[in-house]
Amino acid sequence: MIKAILIFNNHGKPRLIRFYQYFAEDMQQQIIRETFHLVSKRDDNVCNFLEGGSLIGGSDYKLIYRHYATLYFVFCVDSSESELGILDLIQVFVETLDKCFENVCELDLIFHMDKVHYILQEVVMGGMVLETNMNEIVAQVELQTRMEKSEGGLSAAPARAVSAVKNMNLPEIPRNINIGDINIKVPNLSPF
Amino acid sequence: MPAVSKGDGMRGLAVFISDIRNCKSKEAEIKRINKELANIRSKFKGDKALDGYSKKKYVCKLLFIFLLGHDIDFGHMEAVNLLSSNKYTEKQIGYLFISVLVNSNSELIRLINNAIKNDLASRNPTFMCLALHCIANVGSREMAEAFAGEIPRILVAGDTMDSVKQSAALCLLRLYKTSPDLVLMGEWTSRVVHLLNDQHMGVVTAAISLITCLSQKNPDEFKTCVSLAVSRLSRIVSSASTDLQDYTYYFVPAPWLSCKLLRLLQCYPPPEDGAVKGRLVECLETILNKAQEPPKSKKVQHSNAKNAILFEAISLIIHYDSEPNLLVRACNQLGQFLQHRETNLRYLALESMCTLASSEFSHEAVKTHIETVINALKTERDVSVRQRAADLLYAMCDRSNAKQIVAEMLSYLENADYSIREEMVLKVAILAEKYAVDYSWYVDTILNLIRIAGDYVSEEVWYRVIQIVINRDDVQGYAAKTVFEALQAPACHENMVKVGGYILGEFGNLIAGDPRSSPLIQFNLLHSKFHLCSVPTRALLLSAYIKFINLFPETKPTIQEVLRSDSQIRNSDVELQQRAVEYLKLSSIASTDVLATVLEEMPPFPERESSILAKLKKKKGPGAVSVSELEDGKREGGELNGGGERGSDPSAIAASNASTPSPSADLLGLRSAAPIGSAAPSAGSLLVDVFSEAGPAAPSSGANDDNFLSSAPSSSSLGSEDPAPPLPESDELLNKFVCKNNGVLFENQLLQIGIKSEYRQNLGRMYLFYGNKTSVQFTKPVEPLVEGGAQVQQVINIECLTDFSEAPLLNIKFRYGGALQNITLKLPVTINKFFQPTEMASQDFFQRWKQLSLPQQEAQKIFKANNAMDTEVLKAKLLGLGSALLENVDPNPENFVCAGVIQTKAQQVGCLLRLEPNAQAQMYRLTLRSSKDSVSKRLCELLAEQF
């Protein structure tokens, strides 16, 4: 079972957190900090698995993670999951995001947190894997978008706000963080 | 065009996020967030009704604020309102908020359930999916109660859309995990199993998680899934990479599903049906063959997916452990991976090999990789991989390679990561002991261990080396010599001083002949470390000094002077002062004979399970210790005085035999299933339990001076034969006493055992009456004899140290005629005996009930009535239980509620109980809530047998 899915950036700022087992809010934040601490000090060419840390699980749990450009995708799973299988699943999730957002970048995750949750819901449900076929997932997301549109799309102003932000020169966050896309042109995809 | 429309967002939200991102400091950010929270709060509280869009926007903002790590304590109601909106997007955000922010105890669950009910009935597949997601994510018991009946129907109905089926399968799984008693598969079983044959691979993917979980719990009911899983797997494995279209991932057909199928098969033994088995073996061979084929793509995702299946196949082969051919192929494949350039594969290969090492077919094959593994331990850059390598070395160790492996592990220890040092130390200590042929090697290894990683050497490790040295006279001289040399290092670890003090005190005479280690030199060497040591070590050294006086009379003046010095005899530490005073007196008053008797050499320790192994098991859980190891442990464990269970179930009742004047004192070998924990001055097991954690302190502390000094206690009187296993009916006999304290515990043609007992707080006293029903005397090993028709009495004092679930065992041995009678019963001491009733008003009760609402704090059972449902009888039983029976608390007068506090030495555990009889169905529902999950569980088990 997947116990938690955490996405944070290179500075440890959470971009999406999803717990499939109940933890109190402050505990959730502690887990994020601990996980970031464990994961961020590892080189990019070491293995993608590590023991789960003290807060979540114990010896039966593993953190399985991938590092894409500015973002870490960490899945905390128990021993009933295949390690390589979960790595593939992370890749499927990221490729799906890439397809849905067209060259996804960290800003998409920030400004469309709700959408990212909806996409994740099509992949993982209650800690178990619902679907691994990317086309199926994308079809579901498209269906949602159509329903959203039919309910009367609102003004396009926010899109302008987003692009305005994207064009701003923010020193602390690298802009245009390409996560790589399905056909993997992968300039920034980590070597794993 | 992107699948997600980036344009149709919410302007207010985007502006807010931009604001936050533009904040220059943490303070500014918090200020902005507080402003927004205030704004949202006033909007929610305001008179003006908000439209759906605004609610959606604010809820979304709250989600974002939550993500940043701020508590959200309002907005739940607005989110619930969104659920009943007709607009999809509003409903969707409502459900999202609830899934992320509402936990299973929320009071809103009832409202949420209503909305879910409507959506499930809507027959709109998108709405149904949203509702199912919500159930799966929150997964509370109330949801299970409301929907556990409905969801299987949705899952197997012919007209359900595939996407809904997928969600329903996982939803059901989640409910099964939270409330297995409410999800009754019964009639659905076969239809659920047949989902493995479903056309839609997504449905199979979701269903297989459900089936795997159900199979683990009810393997028999679901065993038809084996043949279905094999045929599904075979179809996938033999398909061309294009057959499965969308489910082909980087040229590998359905990797995720294949892995899950192989996992499902690991819940079962190899298929009995020859055809099925043949097909499966064929699949496994194909998978192994494919690993050797050239890759169809250079992408890492391709090899990743392929290897994911391969590793699962290898796990299955290891699980079956019956196909030597496949096992060896698996081992060779893993051997290749050990040197692969992918770190992930090296890691996984080491991990799989660990389990492979415990199979007799492949143990030898694994051993051939020893050099590679040692190399990995030395050169891997990644600590995760090094740790796996150390685990594997431990697993592949046997007599033939122990010396090499222990040496490598020792040298690795010098620069090992801090996080794994303690575990490494334990492993080295275990291997050194387990495979020691030559005990001087063992002593060297442990002393090296202390030298290299003294801080990580736990007490168990140095106790154990002393235990072994004392038990083997061939190594004593060597140990004394080595430890003497080790102590000469200018800085040595305190643990070394402890071992040195103990060993020289016992066996210093063996090396005293050499002028380089004359008694006085030995003493001066030890005493030079004295001032740098902690109090317990100093106490141990003082005891070593008095032993020196006995061994070497010529050191007496020097040592007496040391003892007499102010720093000893007036030491501010009571323990040290007392020792100094007593030893000084002892050495000046007692004659040499008396001194020699008092300070006689320590008797050998009884053979027992290595306490180190127990510690490692506890540290890592059974998974980390190889199977054969565990079995070894158990075999040894059977020998010892109640230590066998210690690792897994530290139940702790201290029973001391306090009735020495009673004629029956020696009648029985009274054995407790639990470690004997309290200080029991005359108990035979004291010596043994010096090494248990719960036991009286280590030899260095004061509580057991007599153990340190005296000769063997009379533990041998317990009899040489092992106690019999508990009688089959002993559980039933135990249950009779849950709600009462007095009565006849056991009766057969020869013997009757009556019991009277009383309890106060965490203490209890039990009187046992043994009546001889025959006209013939019971003879040895009974001491004294019990005449025909006579009765003897025994008193047991009981102290509850911490909560427990296993009752202590009572072993009775006597001879009747010529035949040895050996009976083992469970002593009727159950956790509820230590109940203190607590009276409380209705309001208090419910408030506390709600406080204890974590799922693990509750235990519940629904069971059929065994006896007539008579209110008065029920009341009497509940009163006998020991808790307070509370009137006028439950709104339903038929129900009973009780409250009490379990008193143990370690802690007090508050317990609340609710018993709901259903006279019509002749059923009860019993619910226990307490602050400790093990207590709720145990009380629930005990009580369920009573009504």
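Below, read A as the first sequence line, B as the second, and so on, with proteins coming before strands; counting in each chain starts at 1. These numbers come from a predicted model, not from an experiment.
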May I have the step-by-step check of side chain to side chain donor-acceptor pair (under 3.5 Å) for Glu131(A) and Tyr247(B), ending in yes or no? CA-CA 10 Å; Glu131(A) 181 62 76; Tyr247(B) 284 87; 2.6 Å; yes
With sequence neighbours left out, write down each residue that passes side chain to side chain contact (heavy atoms under 4.5 Å, CB included) with Ser79(A), or none if nothing qualifies. Asp60(A)
Between Asp382(B) and Cys47(A) (side chain of the first, backbone of the second, donor and acceptor by atom type, cut-off under 3.5 Å), is there such a pair? yes
What residues, two or more places apart in sequence or in another chain, satisfy ring pair (Phe, Tyr, Trp, His ring centres under 6.0 Å) together with Tyr249(B)? none
Please look at Arg42(A) and chain B and tell me whether the side chain, the backbone, both or neither of the residue comes under 4.5 angstrom of a heavy atom of that chain. side chain
Please flag which part of Met125(A) lies under 4.5 Å from any non-hydrogen atom of chain B: side chain, backbone, both or neither. both
Interface check, chain A: of Ala169(B), Ser99(B), Pro255(B), most non-hydrogen pairs under 4.5 Å belong to Ser99(B)
d(Ile72(B) CD1, Glu25(A) CD) to nearest 0.5 Å is 8.5 Å
N/O donor-acceptor pair under 3.5 Å between Gln166(B) side chain and Leu130(A) backbone: yes
Which bit of Gln121(A) is near chain B, if near means a heavy-atom gap under 4.5 Å: side chain, backbone, both or neither? both
Between Glu148(A) and Lys87(B), is a salt bridge (charged side-chain N to carboxylate O under 4.0 Å, His left out) present by the stated rule, with each step listed? CA-CA 9 Å; Glu148(A) 192 181 320; Lys87(B) 283 204 167 161; over 6 Å; no
Is it true that, when you exclude His340(B) itself, more than 12 heavy atoms of the residues, nucleotides or ligands shown sit nearer than 6.0 Å to its NE2? yes
Looking at Lys260(B) and Glu81(A), is there a salt bridge between them, counting it only when a charged N and a carboxylate O are closer than 4.0 Å? yes
What part of Gln144(A) is in contact with chain B, defined as an atom under 4.5 angstrom from a non-hydrogen atom: side chain, backbone, both or neither? both
Could you tell me which portion of Ile32(A) (side chain, backbone, both or neither) has an atom closer than 4.5 angstrom to a non-hydrogen atom of chain B? neither
With only heavy atoms counted, which part of Cys129(B) is less than 4.5 Å from chain A, the side chain, the backbone, both or neither? neither
